[in-house]
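In what follows, a structure is listed as structure tokens, so that the remarks can point back to it.
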Amino acid sequence: MGWFGPHGGGGGTFARGIHPPANKHFSTGCAIEVVPCPERVVLPLQQNVGGPCTPVVKPRQKVAWGELVGRGEAFVSSALHAPVAGTVERPAMTTLPNGRHMPAIAIRTEDPGLTGQDLWEAVFGGPWSNDCIGSYEPQQIHEAILEAGIVGLGGAAFPTHVKINPNTQKPIHTLVVNGCECEPYLTADDQLMRQAPDAIIAGAFLAGYAVGARRVVIGVEDNKPEAVESLRRAVGRTGIEVAVLKTKYPQGSEKHLIKAVLGREVPLGGLPADVGVAIGNVGTMAAVARAVVRNRPLTHRVICVTGAGVARPKNLMVPIGISIGEIIDYCGGLTAEAARIVAGGPMMGFAVADRATPVTKGTSGITVLTAKDIETSAAGPCVRCGRCVEVCPMGLVPTKLAQAARTGDLRLARRHNILACFECGACAYSCPARIPLVQWIRVGKTQVARSQGR
Amino acid sequence: MIIWVTIGLSAAAMGTLAVFFTSVLGWANRAFHVPVDPRIEACAEALPGANCGGCGFVGCREYAAAVVCDAEPVDRCVVGGQSCTEALAAIMGVDPTPSLPYRPVVHCGAHTADRLLRAPYHGEPTCAAANLVTGVQGCTYGCLGFGDCQRACPFDAIHVIDGLATVDYTRCVGCGACARACPRNIITMAPFKAERILAVACSNKDSGKDVRRVCEVGCIGCKACQRACSLFTVQDNLPSIDYDAYCPDDLGDAIRAMEKCPRHCIVAVGKPSAKDLAALGDEQLPDVVAPDFKTTVDDTEWRG
Amino acid sequence: MNAAVMTTDTMPAKRPWRDNALFQGWLVLLLAVVFGALLAGVQTALGPTIAANKRNETLSQVPALLAPASGAAATAKLEIDTRMLPVSRGGRTAVYRVHRARRDGQLAGWVVQTAGQGYADRIEVLVGLSPEADVITGLFVLDQKETPGLGAKIATAPWRRQFVGKPAAAPLEVVKGGGAGANQIDAITGATISSRAVVAIVNRALADVSSQLAADAGKAAP
Amino acid sequence: MTYFVDILLIALGAALINNFVFYYFVGICPFIGVSRRVEMAFGMGCAVTFVMTIAAAISWTMTRFVLMPGAPLTRWAAGLWLDPQAAAGVDLSILSYIVYIFAIAASVQFVEMYLRRFLPLLYRSFGVFLPLITTNCAILFACLTIMSRLVGVDDPAARWDLAQALALALFGGVGFTLAIVIMAGIREELEACDVPAPFRGVPIALVVGGILAMAFMGFTGVDNGLKTALTPPAAIVAQAPQADSGNGASTP
Amino acid sequence: MSTPSAAQRFVRGILPENPVYRQMLGLCATLAVTNNLKSAVTMGAAVLFVLVCANLMVSLIRHWLTPHLRIVIFTLTIATFVTVADRLLAAFLYPMSKALGPYIPLIIVNCIIICRCEVCAAKQGPLTAVADALGQSLGFALALVSLAAVREILGTGMWFGFRVLPAAWPDWVIMVLPPGAFLTFGLLLGLANWISARRGGKEEA
Amino acid sequence: MKTSGMKNKDNDKTAAANAGFGPALTEVASSPHLVESGRTTRRMMIDVLLALVPVAGAAVYFFRWPAVRQMAICLAACLAAEALFALMRRHRPPLADGSAAVTALILALSLPVTAPWYTAVIGSVAAIGVGKALFGGLGMNLFNPAMVGRAFVMISFAGALGAAGYQDPGSSIDVMTQATPLTAFQQSGVSAGLADLFLGRTNGSLGETSALACLIGGLFLCIRRSAAWRIPAAMLAAAGIIALLDTGLGVEGWTAAHHLFSGAMLFGAFFIATDPVSSPLTPLGQIIYGAGIGALVMVIRLFSGYPEGVMFAVLLMNALTPLINRWTIPTPFGGQ
């Protein structure tokens, strides 16, 4: 692998995609605040892609801060730790924003433990000495990640120990760190890069070392100059590169980020490892550093509460399991125009109607949109203008996929590679007829999955 | 003279042609002989040809082939009914096993006003689409009421009435299209041993507290029915009826259980014809309610 | 449609002669022979009528295509005989069907049957010529599939009438609007191609046959 | 040269300009009936093309040597009883329809049995359409067209030879395949359209057929123009006129 | 399943089982010869002749039909009668014969006839077969006439060659051309479906 | 026996009330939750109408009042037909989406100014009825409705609308006394001046004469992305190449430029071929489609009896669109 210049041959961008208004101004200047400890946290047993974890605590049992409450037993599953010290309540059911309905461990807080600045220091605060990092063995790093229950914090929550695994069959030459945060509105990663660059760099270094990468590149979009600046300062002598990419949605998709940074295309249906790349979010990298260096599990994360529908937009560090309602209350509640609450960014997040919905490891933000933001005009007929084809970053034909789903034509769906769609929403965003293409494609995917299951 | 020659030649030409083609085809018939079971043809003729898919095959012909080649039971055709079964049985030389009428049962009893935590939903008004969005209503098990079953029914026998899919048993022929269409799998095909049978009108497996939070009428898993009658087994906070042991003539306990239920979740449904009363058999119980609630995003590797 | 039945029609192999395809098909053979004979009979019975119909279709047009006879000859019956006129041209031989009309033994004119590509499909025309084959005396379109309402107007009398009296020697030409010249034909509005096609067909036929016909007329006259 | 232009024009005419389906209305039943799926339509088109070519070859041969007035075989057979002059006049053309349909039916059946036995894969892809082809008018129509270019053509040079007959059949089949595949493509698309209930199925297919027929009218006269463009100016003069047809009975 | 009687067969062919509007049979001829009423009527008559003769013939020999040669015999019979009809037309109605051109011989492959032979004549007696043939061919003729009536009057302003509409009527030439055939038939078929759906709906209600 | 469970209202309602986000419930929907504002189907139609303004303006300038009359008739007839067919299906007439107006204008601009009033009416009804309503309305019409309507009347009333119909020797409007440039060239080899062709001082269908106006409107459409630029580009390129092959590089007489600027080539390229509904979705498909139209136009112009072939070419390629879409499924990201 040679040196391909600042962008490593990727040209800093990828084909197609869209440029939605960024709207990051709501929270872009807000430094990360630490939310006071909630009275109760609800920890869904499955917050990640893959299998659920098995609870190891019983009702009325006392748990300490950071104690293991659920063990990930399957290969693709991760552990769960208590973000507060308290008593375990009766098992409860919870429905996650993505529709998953599952049991959860509820803990009533008794001892808030660290709070405020102390907590921040414990989680992200320096110093992160880059010199002693080399003393960890790859296997050791991997185990620390496994034990800390780290999952991808960008949104999909794929267990990180599966990705950052020194024993993978496929040789990894590059670790790409995702600092794009291409979703409109969200600024959590941006703030994290500005405020805790050292943790990110340390984590990236560790993860890169663990997978045996010879190169570590952090990809950041060019609309976050402060973050780039702060990272560049923190890089120091580590040799980690910071690639500035052209702002475009969905740059944060791992396949498109690899294309933008390295100029390589992950094969259809393949994984980044197929082209020798491992990838992780900046938040994940910080969590890796914390787990390896400080032996602290993943109990808190940074989220962004933003949008015109929330009174005081903020970037927050919150314990996992806090309810969305509480976070919104902390930010001054909803404004009168608030119309839709979205867990995640507005492009790929899920609308939430229940304030008790907990924040999970994968929740990167809460966006509260107003009636003005969400245009609720009824869907019209498709006029086949081809806009969706022009913007689809995967090079699919979304309107045909939607048609296939509507008519239940699975052959058509397969012919058009429906499973390649990762639901970024670029098509539905640009559709002049306001057809909920993504929703139809999801319906089509379930049809395909069902037919394959049979 | 020329007339007779013309007539003669015509006849001769035709004769030659006929001899030629008959012998060639006769030879080909033998030389290229491929054995095909004539019973497939016969079965296909006996089937109604509606291609409704009620038997679980793509069309009548496929079912005919399956009956002959894969020894599929002959009683699968719901449209053709008894006469069709008998015809197939005659062709196949088997006893026509009496076919128990399977009819759909909607395992949800909540009407619009009973469903709590409903949020205004903006999107495609179909159950399949709405099922992929959280928060349309609090209950993740219950009927969404967008009528996918109604659209799927070829016999106009199921309708969404006040937010709940309701089967019109006078029209229903039991093809199962609604059960296949329901994305939440709350419609199952139940063996109707009598004109009316008892069924559980809820699918929610959560604990009573969680159910009360989302529904005015849903089952709270109190086990009152189980205590009153052995037909009922409560598992995962939800009773199921053992239809194998279900005897329509002896329902004393079951009716008591029905009256005991504090949420009135056990209901009597159906109106099959009288002739089916006699038709009993040891049919296997269909799986009762297996909510399959999972979005495809679960498998997506990246978001946001 | 009967293939499945046909190939599966398994027959007992006990009586080989019964398995013979010919024996199986006795009805086919019988019917074939009977029908063959029947049809030949029909042909014999109707053939002459049909042939006459076909001939009449052409011949009935012949009188109208000839120059009107004057005086006593007008009442005389036309005798028409038909022959094939081979014309050698550029190495290939073309065959024209030519009808010779005589009144009282006097040569009354010629009718040449010819055809060529029109706008949509073939156009078949009859061209009437004076006995000396130097003047066109009439034109009739036997068959055409030109656009109805446009090109199909070549079959209308007013347009065809333009040809009457035009010299056969010089090639005709198509003009738009007017068409006053001695060898000019006015095109049908909006159907120039069809008009040209007819004129081209006529021109070619005349170029091929007029000299021969003139020679024949000369031979016949004395 | 002109001969090849001729063949080219026959081919082009059969495939596009005077498309069997849109211009002559033959083969409408499968055009409407077997055009729901592109794969099926293509299979049907291939089967028709195949059978049409075989049937054209048989019918050309039969017509040329047996059926047409003065055909050599007939003349020889009749000559056994009649004098040569009368023998030449023996006309078996009345048998042509029967012979054609016989040839079509037999070849369809033969091909079907052959495929079923030896090429089961091919049979599965288009063998199921073969029985339908017996009653496909496109094939009989091709035979009839070939007959009309043989029987009753006065000028022996203008009679079609086997190559011309095969060109017509092959490209007529190609034109049919084109039409039915286009139709199938459109009908697959129509499934997603909100067609008014009474018009679903066959009626809308017919309307589409009408629009297609309008579109194909654009090709009218292309053969003419191409002929002019492709024939060297000298050859136009030298070209024999197409002698008339129609008055079949009498020969020189 | 009871076998329909002769009268039933006759009545059914005309409307309830109309070969064109209901069974979608014989579409080639339907589209090709309906640009004027004269051709349509002639075609109807020719089909009537062939269908009656063929049905009668097949019905008479139905006991000797062997399965694998059944279709061949039908085809042979039909082709013979079509040839007869063709020659009769050429002899006595030469202009119509010329106008209909190849569509008379194409009656051989008209699915209506082979379908009736198969469905009715091969199973029932001569009387029923003839009644069925009459009914079906009247139904066919009716369909042809309905189509031709629309096409001829719009396309030329005439019926049977006599001017019906005023001379100022601008002829819709497309109606006598192939596209007009498809469009008119498509629209008429839709209309027929609509009417029957409405009637069916009323009966049910 | 009771048929259904009685509703039980006396349970814990307070928990339920507290669970949502206050009385004004926030709504739920599938992602994405944003849409590109200002881009709607209606807006696209308005773009087309705007782009047609220069073309219509040129038509009015060169053909005077008859042009206005023609457009008015078509607009009225199309809107009435759209409303009628919608009401027949018991739908609300979708007149506001502007698609019927677009069809009407394109139809009006593609007819000769001499067209009798009934041809415009019949064309409009055929366009909306056969071309659109039968297929299910906007977005379902597999063929360009305006071209269906035009083909219907062009074939029906070939006498009034055919090549000869354009010319009206007695007209007081200058350009109308000449034959259309293509007809004049095809029949008598006379070629029009390039400047006249470019500006529009020639006879022809209302909208097609002024190449300049078509270019202005067309470029506006392409820049607004209301039309796929690939289609006109491919169409003009294909037609231009064939025209070059045909005419050689001759400077005199009829050149490739004449081919491009004459007839409905530009009007068709920018306004007819780009109808999104009836053209392919995929980029490669759009190029094939455009090139196909260009090639067919040239084939028809050069070889067939018709002087112009845009209408037939568009309809033919419309017919192929489903197949093109099928054969040009793009390779997905990372696919082979």
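Ranked by heavy-atom pairs shorter than 4.5 Å toward chain F, the options D:D194, D:V181, D:V195 are led by D:D194. Most heavy-atom pairs under 4.5 Å with chain F: of the set D:V207, D:I182, D:I211, this distinction falls to D:I211. Among the candidates D:P196, D:C193, D:G185, the residue making the largest number of heavy-atom pairs closer than 4.5 Å to chain F is D:P196.
Among all heavy-atom pairs drawn from F:M140 and D:A192, the shortest one is SD-O, 4.0 Å. Taking both residues in full, the closest heavy atoms of F:L315 and D:A215 are given as CB-CB, 3.6 Å, listed atom of the first, atom of the second, then distance.
In this structure, chain F has no heavy atom under 4.5 Å from any part of D:A184. Both the backbone and the side chain of F:L316 come within less than 4.5 Å of a heavy atom in chain D. Only the side chain of F:I155 has a heavy atom closer than 4.5 Å to any heavy atom of chain D. Interface remark: D:I186 contributes backbone and side-chain atoms alike to the contact with chain F (heavy atom separation under 4.5 Å). If you measure heavy-atom distances from F:A313 to chain D, you find no contacts under 4.5 Å at all.
Taking CG of F:N325 as the start and CD of D:E189 as the end, the distance is 6.5 Å to the nearest 0.5 Å. To the nearest 0.5 angstrom, F:F135 atom CZ is 6.0 Å from D:L190 atom CG. Atoms OG and CE, on F:S156 and D:M214 in that order, are 8.5 Å from each other to the nearest 0.5 Å. The CG atom of F:L296 sits 5.0 Å away from the CZ atom of D:F219 when rounded to the nearest 0.5 Å.
Looking at D:V222, D:I17, D:L226 one by one, the single match for side-chain contact (heavy atoms from CB on, under 4.5 Å) with F:S304 turns out to be D:V222.
More than 12 non-hydrogen atoms from other residues, nucleotides or ligands lie less than 6.0 angstrom from CZ of D:R200.
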